[in-house]
Number of protein chains: 2
Amino acid sequence: MAEDGRPASAADSAYLTLRGDILSGDLPADERLTELGLAERLGLSRTPVREAVKRLLIEGFLTRAPGEGLRVTALQADEVEQIFRIRLMLESYGARRAAEFATEAEIAELFRLAEEISARTPARSDADYDAMTEANAAFHRTIMQAARSPRLGSMLSLAVNLGLVLRTYRMYSAQDMTRQARHHHDIAEAIAARDPEWAEAAMSHHVLAAAAIARARHGQGGSRPAA
Amino acid sequence: MAEDGRPASAADSAYLTLRGDILSGDLPADERLTELGLAERLGLSRTPVREAVKRLLIEGFLTRAPGEGLRVTALQADEVEQIFRIRLMLESYGARRAAEFATEAEIAELFRLAEEISARTPARSDADYDAMTEANAAFHRTIMQAARSPRLGSMLSLAVNLGLVLRTYRMYSAQDMTRQARHHHDIAEAIAARDPEWAEAAMSHHVLAAAAIARARHGQGGSRPAA
DNA sequence: CTCTTCCCTTCTGGATACAGCGTTGTATTC
DNA sequence: GAATACAACGCTGTATCCAGAAGGGAAGAG
């Protein structure tokens with residue numbers, strides 16, 4: 001929805017800004033908000049803000065209590081685990097389907113992206129980090145596209161959004177990074193081999209490894225303190 | 001979002017009406033639409049229609065091509081399979097978590113709903129069908145609530161919406177109905193036993209059985225012809 | 001002194017008005 | 001006859017406006 005290169009609409013940028021503010025803690029949990037207040041904060045009218053708020057409500061970042069107004073949802077203790085579990089299910093299924101339906105062009109793209117990630121590993125500069133993050137996102141996006149299931153794609157993008165904060169490679173050790181980079185090659189090969197089982201297992205492995213890293217870095221809680 | 005008893009907002013009713021029209025084929029696949037046209041059709045202004053359209057876009061019922069306008073998405077051949085597969089993953093996980101986190105009150109509610117479904121089985125009247133459908137929805141909703149994972153809940157409600165058309169019991173044989181009714185008791189017992197593995201397996205079983213029925217009834221395609 | 005009631009403030013949902021942009025159709029020129 | 005350019009129409013995104021509902025505070029009565 002905000003994945004293309006066109007200039008983001010005001011509604012999209014409002015959504016991205018607010019989500020970022022929530023994840024970064026700039027808008028603290030349990031913060032009481034109003035649409036008008038957010039509109040002024042962003043320098044927009046209420047219309048695009050309303051759209052963004054609606055979306056954030058659907059995605060669970062915000063809560064609208066009947067008499068309590070709008071609130072930032074507090075992350076639960078095991079939220080990170082849940083997100084990874086959901087990602088695990090959806091992405092593994094996506095990889096399975098990609099092995100069945102990917103075009104040759106998509107497979108080539110997967111190998112290209114895996115190569116690009118490897119070339120930057122281990123990251124040494126901000127540019128490396130950014131490029132890796134982008135290539136990684138593109139890799140997963142390509143797989144979902146190859147899965148030929150728009151529904152699955154939209155659901156996953158929701159789950160990934162939730163885990164966005166975890167997608168930064170900056171918390172990875174050099175060893176972590178090389179391992180994850182290898183995984184991308186494995187996944188691409190499994191899909192190229194048209195082997196759904198292998199692709200599913202490779203993706204499961206990949207996501208579980210990422211979960212383990214996140215768990216180790218974050219301890220039990222999320223990146224945003226629960227209180 | 002439209003689960004409470006209060007009078008539905010115009011946006012919600014627009015959403016429900018449009019979704020119904022799409023699923024029933026009243027708005028045929030590939031139909032070209034405009035927000036204004038829909039607004040006039042529904043006798044509303046563009047604002048609530050816009051909200052409904054946005055939601056339908058997220059859920060994949062509609063597609064907005066950059067220069068092509070708004071279109072009703074054509075169901076893919078294996079769409080039903082995908083929906084059930086996603087439900088399988090999410091609901092099984094939900095049942096697993098419910099076994100860990102459900103309160104005694106929620107467990108009692110599950111038994112009560114399972115009993116209500118059994119009492120109506122096999123359905124003999126329209127009222128029976130409606131009550132069963134409602135109790136079934138409540139059963140699954142209660143489990144998701146007991147899973148203590150709002151994110152999971154919102155994702156599932158998205159997936160279930162997609163499969164809404166399949167939730168009617170009217171295509172079930174008497175044998176199907178009694179089997180599904182038994183499943184609800186099994187699931188409730190597994191959760192009451194606080195056994196996550198059992199709960200997950202019971203729910204998997206339940207969803208897979210439902211998928212088999214839908215597959216048999218629908219053949220390969222969806223309920224709405226692809227063209 | 002406390003409880004209840006009424007009014008005012010504020011917030012959200014819905015409608016309408018406006019601007020920018022893309023598409024399409026037509027006319028003119030090569 | 002075909003291609004290109006220009007004009008007009010339509011659609012979407014954004015802003016502003018209006019009404020209804022809900023909450024808080026203040027004032028009056030018990």
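Below, chain A is the first sequence line, B the second, and so on; all start at residue 1.
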For B:R112, the salt bridge (charged side-chain N to carboxylate O under 4.0 Å, His left out) test, sequence neighbours excluded, returns B:E109, B:E116

Residues passing the side-chain contact (heavy atoms from CB on, under 4.5 Å) test with A:A52, sequence neighbours excluded, are A:A14, A:Y15, A:L18

- Query: Which part of the nucleic acid, if any, lies within contact of B:E51, taking any heavy atom under 4.0 Å across all strands shown: a base, the sugar-phosphate backbone alone, or nothing?
  - Reply: nothing

Across all chains, not counting sequence neighbours, the side-chain contact (heavy atoms from CB on, under 4.5 Å) partners of B:R64 are B:E35, B:V53, B:L57, B:L70

Does A:R55 come within less than 4.0 Å of A:E59, counting only side-chain N to carboxylate O? yes

Min and max contacting nt of DNA chain D in 5' to 3' order, chain B heavy atoms within under 4.0 angstrom, are D:dC11 to D:dT14

For B:E40, the side-chain contact (heavy atoms from CB on, under 4.5 Å) test, sequence neighbours excluded, returns B:L36

Below 3.5 Å is the cut-off: list the nitrogen or oxygen pairs between protein and nucleotides 19-24 of chain C, distance only.
none

Residues in residues 41-50 of chain A with a heavy atom under 4.0 Å of DNA chain C, by number, are A:R46, A:R50

Hits for side-chain contact (heavy atoms from CB on, under 4.5 Å) against B:S45, two or more places apart or cross-chain, chain-then-number order -> B:T47, B:P48

With sequence neighbours left out, the residues meeting side chain to side chain donor-acceptor pair (under 3.5 Å) with B:D128 are B:R120

Here the side-chain hydrogen bond (donor to acceptor under 3.5 Å, both in side chains) pairs for residues 94-103 of chain A, sequence neighbours left out, are A:R96-A:E197, A:R96-A:E200, A:R97-B:D78, A:T103-A:E106

For A:F139, the ring-ring contact (aromatic ring centres under 6.0 Å, His included) test, sequence neighbours excluded, returns A:H184

With sequence neighbours left out, the residues meeting salt bridge (charged side-chain N to carboxylate O under 4.0 Å, His left out) with B:E115 are none

